[in-house]
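Here's the structure we're looking at; comments come further down.
When a residue number appears, it is its place in the shown sequence, counting from 1.
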Amino acid sequence: VIEEVRTAPFGLLEQVDHPFDWNCHYDDCTFTVNDLPQGAGVVDVDDANPDLLSVTVTVTWNQSGRAMSTELVTLVANR
């Protein structure tokens, strides 16, 4: 997911009408992680700085009855 975000054209990351590969938008896109028990993810695009977007991918899953999560963050510059 992070690699797809990194290679996406900068202008498309902020657009809410651009379909992502999962038929949703980059910002607030949710997806299933089939390799993890009850795995799910969400993409968040923070555009507070219009020339440097902060993109966070959060993945959650269930492990032995405990809710687990991890976040991957990347910055995408407008070049």
Side-chain angles (χ1 to χ4, degrees):
V1 173
I2 284 287
E3 287 306 313
E4 181 153 352
V5 167
R6 286 181 182 162
T7 60
F10 185 84
L12 295 181
L13 292 175
E14 296 178 289
Q15 294 179 2
V16 295
D17 59 350
H18 176 71
F20 199 25
D21 280 351
W22 304 305
N23 295 322
C24 57
H25 314 297
Y26 284 101
D27 193 19
D28 294 327
C29 178
T30 59
F31 57 95
T32 302
V33 181
N34 294 326
D35 294 337
L36 295 172
Q38 299 175 359
V42 65
V43 177
D44 178 60
V45 179
D46 180 351
D47 62 354
N49 179 343
D51 291 321
L52 185 65
L53 302 178
S54 175
V55 181
T56 304
V57 177
T58 304
V59 176
T60 60
W61 69 96
N62 185 320
Q63 183 173 326
S64 302
R66 294 179 53 196
M68 308 295 285
S69 69
T70 190
E71 288 186 344
L72 303 170
V73 180
T74 190
L75 297 174
V76 182
N78 186 5
R79 299 183 242 154

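Other members of the hydrophobic cluster containing Leu52, listed by chain and number, are Leu75; membership follows side-chain contacts under 4.5 Å among ILVMFWY residues, whether direct or relayed.
Checking each of Thr58, Asp44, Val57, Val42 against Glu71 for a side-chain contact (heavy atoms from CB on, under 4.5 Å) leaves exactly one that passes, namely Thr58.
Side-chain contact between Asp35 and Trp61 is absent, with no heavy-atom pair separated by less than 4.5 Å.
Interatomic distance, Leu53 CG to Asn78 CG, rounded to the nearest 0.5 Å: 8.0 Å. Here the CE-OG1 distance, from Met68 to Thr60, works out to 11.0 Å after rounding to the nearest 0.5 Å.
Here the closest heavy-atom approach between residue Val73 and residue Ser54 is recorded as CG1-OG, 3.9 Å.
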